Asker: 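Got a structure for you, written out below as structure tokens; questions coming shortly.
These figures come from a predicted structure and were not determined experimentally.
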Amino acid sequence: MATARRTVADGLVVGTSGNVSVRLGETVLVTPSGVPYDRLGPDDLCAVDLDGTRLAGDAPPTSELPLHLAVYRATDARAIVHTHALHATAVSTLVTELPPIHYQTAALGGPVRVAPYACYGSAELAHNTVAALRDRTACLLANHGTVALGADLDQALERTAQLEWMCRVWLAAHSVPGLTPRVLDAAELAEAAERFRGYGRHPGDPAR
């Protein structure tokens, strides 16, 4: 509930767009369909198994439940945040892959792909999303929004915010007439990825 509300407070979601889920073992908790996040209570959350069978909750689950479940079945993610963030959605209409405008691209596994458009809530969208997330922790959905994964909700939300920021940077740079933004090459991204592996660790920390 707190994560869902933060997506609104951080400007990543408008109204009831977007959704949040977390995997607990073989159970998935997911936000409901059509409930404004400021009115969301514990009884509104839905619990389902990985096949979508309802385990708890009376409200209908988000229409994007097929997408969430497909991603959980295909990855080791433990949390998913889906938004209709403004700049990310704009970028999703322009390119098939977000150009690596910043080294933070490496933290998401590499250049962020755009999943081909399919109607929201559809099995086709779920399939396209899983393909776009191969070896990545975030993707864009064409003419739709973002999906970011994490080991927990905080990480999934942080990746969502970073993706939206990179999209905003790219749009700003790309809008300057007569100039083409410089983007990072594969070697530069690989160097950043290697540095990220030790980021935040201190001498004597156990390997992980």
Side-chain angles (χ1 to χ4, degrees), residues 1-50 52-90 92 104 107-109 112 115 120-121 125-126 129-130 132-133 136-141 144-168 196 199-201 208:
M1 288 164 51
T3 301
R5 288 175 182 142
R6 280 186 61 191
T7 63
V8 177
D10 293 349
L12 300 169
V13 161
V14 175
T16 62
S17 66
N19 30 77
V20 173
S21 70
V22 62
R23 179 175 177 176
L24 305 169
E26 299 303 299
T27 299
V28 174
L29 291 180
V30 63
T31 49
S33 178
V35 178
Y37 290 161
D38 61 351
R39 299 207 302 264
L40 189 65
D43 292 340
D44 295 314
L45 297 180
C46 306
V48 299
D49 65 18
L50 291 174
T53 301
R54 186 189 296 268
L55 304 175
D58 296 325
T62 172
S63 58
E64 295 296 2
L65 181 62
L67 183 154
H68 287 256
L69 296 181
V71 171
Y72 284 128
R73 290 193 295 263
T75 72
D76 61 358
R78 288 296 178 268
I80 298 172
V81 173
H82 164 53
T83 78
H84 296 176
L86 174 63
H87 300 92
T89 303
S92 80
Q104 193 68 32
L108 301 180
V112 177
Y120 76 92
L125 178 60
T129 302
V130 169
L133 285 169
R136 300 289 188 270
T137 55
C139 72
L140 299 174
L141 309 180
H144 188 156
T146 70
V147 171
L149 319 180
D152 54 35
L153 289 164
D154 286 342
Q155 187 177 57
L157 184 60
E158 171 64 19
R159 286 170 171 166
T160 301
Q162 290 287 355
L163 176 54
E164 168 67 355
W165 179 81
M166 285 194 296
C167 287
R168 186 174 184 180
F196 276 131
Y199 185 76
R201 291 179 56 189
R208 55 181 179 179

Asker: Tell me the closest heavy-atom pair linking A115 and A132, and the distance in Å.
Answerer: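 Scanning both residues, the minimum pair turns out to be CB-CB, 3.9 Å.
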
Asker: Judged by modelled atom types alone, do T146 and T83 share a side-chain donor-acceptor pair under 3.5 Å?
Answerer: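 T83 and T146 do have a side-chain donor-acceptor pair below 3.5 Å.
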
Asker: Taking Y72's backbone N and O only, do any of them form a donor-acceptor pair with R23's side chain (distance below 3.5 Å, no angle check)?
Answerer: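 Between the backbone of Y72 and the side chain of R23 there is a qualifying donor-acceptor contact (under 3.5 Å).
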
Asker: Is a donor on one side and an acceptor on the other found under 3.5 Å between the side chain of S92 and the backbone of L141?
Answerer: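 Present.
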
Asker: So which atom in V20 and which in T3 form the shortest heavy-atom distance, rounded to 0.1 Å?
Answerer: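 Closest approach of V20 to T3: CG1-CG2, 4.1 Å.
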
Asker: Test S63 against S33 for side chain to side chain donor-acceptor pair (under 3.5 Å), laying out the working first.
Answerer: CA-CA 6 Å; S63 58; S33 178; 5.3 Å; no

Asker: Just how far is it from atom CG of N19 to atom NE2 of H68, taken to the nearest 0.5 Å?
Answerer: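 Atom-to-atom, N19:CG and H68:NE2 are 3.5 Å apart.
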
Asker: Tell me the closest heavy-atom pair linking A107 and T137, and the distance in Å.
Answerer: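 Heavy-atom minimum between the residues: O-OG1, 3.8 Å.
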
Asker: Can you check whether L12's main-chain N or O pairs, donor with acceptor, with D10's side chain at less than 3.5 Å?
Answerer: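 No, the answer is negative, given that no donor and acceptor are paired below the 3.5 Å cut-off.
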
Asker: Check whether any side-chain N or O of H144 sits under 3.5 Å from a backbone N or O of H84 as a donor-acceptor pair, and report yes or no.
Answerer: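 Judged by distance alone, no pair lies under 3.5 Å.
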
Asker: Using 0.5 Å steps for rounding, measure from the CD atom of Q162 to the CD atom of Q155.
Answerer: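 Q162 CD to Q155 CD: 11.5 Å, rounded to 0.5 Å.
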
Asker: Would you name the heavy atoms of L133 and C139 that are closest together and state the gap between them?
Answerer: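 What the structure gives for the nearest pair is CD2-N, 3.7 Å.
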
Asker: Judged by atom type as modelled, is there a donor-acceptor pair below 3.5 Å linking the side chain of T129 to the main-chain atoms of L125?
Answerer: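 Here the side-chain-to-backbone pair exists.
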
Asker: Of all the heavy-atom pairs spanning G121 and P66, show the shortest one and how long it is.
Answerer: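 It is O-CG, 3.7 Å.
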
Asker: Enter the distance from E164:CD to T7:OG1 here, rounded to the nearest 0.5 Å.
Answerer: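 Between E164 CD and T7 OG1, I get 12.0 Å after rounding to 0.5 Å.
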
Asker: Spell out, as yes or no, whether a donor-acceptor pair under 3.5 Å connects the side chain of R5 to the backbone of L40.
Answerer: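 A pair under 3.5 Å: yes.
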
Asker: To the nearest 0.5 Å, how far apart are CG in L50 and CG in L69?
Answerer: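 Result: 6.5 Å between the selected atoms.
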
Asker: Apply side chain to side chain contact (heavy atoms under 4.5 Å, CB included) to the pair R159 and L108, showing each step before the final yes or no.
Answerer: CA-CA 7 Å; R159 286 170 171 166; L108 301 180; 3.7 Å; yes

Asker: With a 4.5 Å cut-off on side-chain heavy atoms, are C46 and L65 touching?
Answerer: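 No, their side chains stay 4.5 Å or more apart.
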
Asker: How about CZ on R78, more than 12 heavy atoms from neighbouring residues, nucleotides or ligands closer than 6.0 Å, or not?
Answerer: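 Yes, because the 6.0 Å sphere around CZ of R78 holds more than 12 heavy atoms from other groups.
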
Asker: How far does CE of M1 sit from OG1 of T31, to the nearest 0.5 angstrom?
Answerer: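 OG1 of T31 is found 11.5 Å from CE of M1.
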
Asker: Using a 4.5 Å cut-off on heavy atoms from C-beta on, say whether the side chain of R54 contacts that of P61.
Answerer: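 In contact.
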
Asker: Does T75 use its side chain to pair, donor to acceptor, with the backbone of V71 at less than 3.5 Å?
Answerer: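 Between the backbone of V71 and the side chain of T75 there is a qualifying donor-acceptor contact (under 3.5 Å).
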
Asker: Is it true that, when you exclude D38 itself, more than 12 heavy atoms of the residues, nucleotides or ligands shown sit nearer than 6.0 Å to its CG?
Answerer: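 Yes.
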
Asker: What distance separates T160 OG1 from L149 CG, expressed to the nearest 0.5 Å?
Answerer: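 Going from the OG1 atom of T160 to the CG atom of L149 covers 9.0 Å.
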
Asker: Got a sec: does the CZ of R168 have more than 12 other heavy atoms crowding it under 6.0 Å?
Answerer: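 No - once you tally the heavy atoms of other residues, nucleotides and ligands closer than 6.0 Å, there are 12 at most.
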
